[in-house]
Structures are given as structure tokens and as C-alpha cells.
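One-based numbering, in listed order, for ligands and for the atoms of each.
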Amino acid sequence: MFLEFPLYRALDGLDTLYRIDGPRHFVEWQPIGSSRWLVHEHVAEIYPSQVLIQSLIHADDAQLKLSREEWNARRLKRKEPEQENAVGTIAQTTEDPAVLEGMDLASWTTFGISAHAAHWITAHSDDDVRFALSWRQERDAALLVMGGGSNMLMHADWEGLALHVGIRGVRVLKEEGGRIEVVVGAGENWHDWVMLALKNGWHGLENLALIPGQVGASPMQNIGAYGVELKDRFLWLEAIHVQTGSLKRFDAASCEFGYRESIFKSSEKGQWIIVRVAFFLKKNAPLQTAYGAIQQELKALPEESWTHADVAKAVMQIRSTKLPDPKKLGNAGSFFKNPVLGPDEFKRLQTAHPEVAHYPQSDGTVKVAAGWLIEQAGWKGKHRGTHGVHVNQSLVLVHYGGATGAEIWQLAQDIMHDVHSQYGVQLEPEVNQIGLNRSK
Ligand code: EPU
């Protein structure tokens with residue numbers, strides 16, 4: 001049956017409320033005093049909580065099954081204080097979200113290409129996501145999931161529903177021996193989250209400062225920069241299934257992370273909406289300073305004094321000189337992936353071009369700097385009026401204003417063609433192409 005979860009329960013004769021989000025995840029509202037709730041988030045991983053969640057799902061004699069409306073009416077009778085150690089709460093909503101018509105996506109994507117979504121819903125909670133899923137299922141509308149719009153190029157208007165995931169909140173799950181586990185709503189801005197973590201002394205994400213986009217999109221392509229990838233700090237994520245509405249938790253192994261890859265871009269593509277991501281961070285996480293440009297930035301300071309904040313500052317300095325700020329100039333970061341070549345293929349390339357910028361990988365393959373190939377092929381800083389190749393980083397295509405997705409795609413294809421004919425290397429776009437087969 002569609003939308004099995006969430007289920008709403010109350011203890012008969014008592015004020016305690018439960019919302020069951022999936023077979024292993026439930027939230028408990030426990031009354032304290034006359035006017036407040038204490039909210040506990042439970043993951044049923046061990047025996048007693050597994051038994052409890054089963055009894056809640058089936059609602060034994062002591063429990064009442066409530067509709068969402070009845071349950072919300074009970075919940076609204078009290079206030080929800082923040083948990084003692086929480087810096088926020090993961091959002092819940094009480095009303096269905098609005099469905100807007102004809103939304104221009106230009107300001108919702110960092111490329112800033114104008115394209116209209118026929119319908120638009122912003123989801124502030126899991127319930128809102130389920131509402132949107134059933135809304136579009138009833139109308140058989142195509143679904144476009146939007147995070148920060150920082151990794152997509154729009155080729156055409158979107159005739160179906162654009163679902164913007166705006167689930168906010170940051171909650172500490174566990175803090176023990178200098179290790180902190182934190183769950184973050186998919187709709188939080190990635191950079192703001194990195195800065196919040198740094199401010200709290202939760203270290204390990206500094207090298208990923210200033211990456212545009214939202215937290216929920218970060219696992220999709222296992223974002224990475226300056227020697228750190230999301231997977232290095234990832235604990236689990238929760239996602240809602242597009243067809244059934246059920247919530248599932250994915251640990252790192254089941255996400256199948258690779259270089260700019262995850263299961264959500266391959267076999268499970270289009271199947272899940274990520275609603276929150278949990279991270280493990282450390283008070284004394286080692287500083288990641290191996291990347292040459294970071295060393296360069298930090299060299300004015302004595303090495304013994306380097307802090308996580310210094311690394312974050314160095315990364316922000318490098319990014320802001322090399323990469324265009326999407327608020328000022330439309331772009332989606334690296335448009336292409338760095339190609340990964342087998343040892344023989346790489347040897348052939350290096351023999352012909354000994355100066356090729358590259359990074360040997362632990363499995364014997366070699367990652368080649370696509371930016372180097374594109375620059376050598378003569379494309380760095382090339383301008384086509386409304387769009388072009390960035391002057392400081394050839395991997396980034398930029399939109400000066402007034403370009404269509406098709407024009408930017410044509411530039412990308414011309415670059416791919418030249419790099420292939422000059423170096424025999426096939427580049428692959430990193431950015432998602434939306435509506436490509438529908439554009440002229
Ligand atoms: N290079 C050139 N010309 C260029 C760009 C690069 O010759 O125009 C050569 C240089 O030799 C340079 C080397 O390529 O030393 C590497 O350049 P850079 O340090 O800028 O890294 P990248 O491999 O081009 C990747 C990521 C970036 C990430 C940086 C830093 C991909 C597709 N891109 O770029 O990620 O910020 O490393 O870790 O893996 C993104 O994904 O949107 C992104 C910006």
C-alpha cells in the first residue's frame with residue numbers, strides 16, 4: 001500500500017505520542033510538566049527498541065492509532081523545547097505544503113538558466129515529501145528533485161513537479177570521547193553546516209568548506225575537495241522511497257560511494273529522496289593539509305600552530321580565487337569529472353605528454369586532471385558571448401547571462417570532442433543534464 005509510513009500513535013490514557021517513520025525509526029514525544037514535550041529520536045537497532053517499534057506499528061491494547069490530524073492536534077497542545085545538547089531540531093510540519101505553478105528555476109539553480117517547472121512544492125518535513133509524492137503519483141507527473149540546484153543544467157522546461165527539499169535542522173545524536181555524531185536536515189546549506197560544525201569544535205569537514213549546494217545532495221555524488229570526500233565523515237543517511245513513501249536508512253557501505261559516485265546516481269537513480277544525513281566528526285580529527293595549494297596558503301604560519309579553522313580559511317581562500325562564486329557568475333562547479341585511466345592507457349598518454357597533471361590512485365589507476373587537458377586543448381577562458389570556460393579553472397563552464405542549457409551543452413560537447421581527438425581521452429560530464437532529450 002502506498003504511504004505506509006509515517007504511522008501515528010499515542011499511549012492510551014497518557015500524553016505520550018509516537019510517530020513511526022519507518023520500520024526502524026520512530027520519534028517519541030514525552031510530556032514534561034504541564035506544557036512541554038521532551039522529544040526522543042529512536043533508531044531501532046537493538047533488541048528493546050525493536051520490540052517497542054513492532055508493538056507501536058501493530059498498536060497493542062495500550063496504544064491508540066491516530067490520524068495525522070488527531071495526532072497533530074495533541075502534539076500542538078505542548079511546546080517542543082530543544083534537546084539539551086541539540087543545536088536545533090529536525091523540522092516537522094503540521095499543514096500540507098502549497099503547490100505553486102510555473103516556477104522559474106533560474107534562481108534555484110546555480111547555473112541560473114531560465115526554465116520553468118509546471119508545479120513546485122517545497123518540503124519542510126518527511127510528511128511534506130510524502131505529500132508531494134502522492135500528489136505527483138495521482139497526476140502521473142514527472143518528478144524533479146531539487147536540492148541547492150548546484151549540480152544541474154536545465155535543458156528545457158520541466159512539465160511535471162519540482163520538489164525542493166527544504167528540511168532543516170541539526171541534531172546531536174551522540175557525543176562520546178571526542179567523537180560527535182550529528183544528523184543534519186537535507187535542506188541545510190552545505191557551507192553553513194560546515195561552518196556550524198567548525199564553530200562547535202566538530203572537526204573533519206573543513207576541507208569541504210564553500211562547496212555550493214545542500215546537505216541532502218552531498219552524498220549523491222560523494223562531494224570532495226582538497227583531499228577529503230564526504231564518505232570520510234559519513235555515518236548514514238535516511239531517504240524516502242519515491243514509489244512507496246517508506247523511509248530507509250543507508251549506511252556507508254550500502255551507498256556504494258566512489259569518486260563523484262554513489263548508488264543514488266547508479267542502480268538506485270531516481271528512487272530515493274534523501275531527507276537527512278548523519279556525520280561522525282571528531283574534536284581532534286587530524287588536519288588534512290597534504291594538498292599542495294593548502295600547504296602554500298598555510299606556509300606563512302608556523303606548522304605547530306595550524307588549526308582546523310586555519311585549514312577552512314585556506315580552503316575558502318583557494319576556492320574564492322580559483323572558482324567563480326555562483327552568486328556572481330552562473331556555474332555548477334566542475335562540469336566534467338577527472339577521467340580515471342587504466343595503467344596502460346595512462347602510460348600511452350604520459351609518453352606522448354610527459355607533463356600531464358595526474359594523481360595515481362591506490363588501485364593502480366590514474367586520475368588525470370581534466371582541467372589540464374581542457375586548458376592544453378586551448379579552451380581555458382574561451383568566451384561565447386553568453387557563456388564560456390572559466391578563466392582560472394577550465395573544468396568550470398560559466399554562464400554570463402542569457403544562455404540556454406542547449407548552448408552550454410554544445411560548448412561542453414565541443415570541448416569533449418577536442419580533448420578526445422587531441423588526447424584520446426573521453427571526458428564525462430559531472431553535472432546532471434535535466435530534460436536533455438526534450439530540448440531542441
Ligand atoms: N589544471 C590546469 N588547468 C586548469 C585547471 C587545472 O592545468 O584550468 C591542472 C593543474 O595542474 C592543477 C591540477 O589540474 O594543479 C588540479 O587542479 P585543481 O587543484 O583545481 O583540481 P581539479 O582536479 O581540477 C578537483 C575537483 C574540484 C575540487 C578540486 C580540489 C573534480 C571534478 N573536481 O578539481 O571539485 O575543488 O579538485 O580538490 O574532481 C567540483 O566538483 O565542482 C569541484 C570544484
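A salt bridge links E229 to K231: at least one charged side-chain nitrogen sits closer than 4.0 Å to a carboxylate oxygen. Electrostatic pairing of D414 and R384 counts as a salt bridge here, judged by a charged N lying under 4.0 Å from a carboxylate O.
By the ring pair (Phe, Tyr, Trp, His ring centres under 6.0 Å) test, H358 is found to be paired with F346, residues two or more places apart in sequence or in another chain being considered. The side-chain contact (heavy atoms from CB on, under 4.5 Å) check on K283 picks up E175, I180, W202, with sequence neighbours excluded. In this structure, the side-chain contact (heavy atoms from CB on, under 4.5 Å) partners of A293, at least two apart in sequence or on a different chain, are Y291, I318.
Side-chain contact, S125 with D127: no donor N or O sits under 3.5 Å from an acceptor N or O.
Contact residues of ligand 1 (protein heavy atom closer than 4.0 angstrom to a ligand atom; sorted by chain and number): A225, Y226, Y259, R260, Y291, R319, K322, L323, G333, S334, F336, K337, N338, A357, Y359, A369, G371, W372, E375, K380, Q393, S394, L395, E430.
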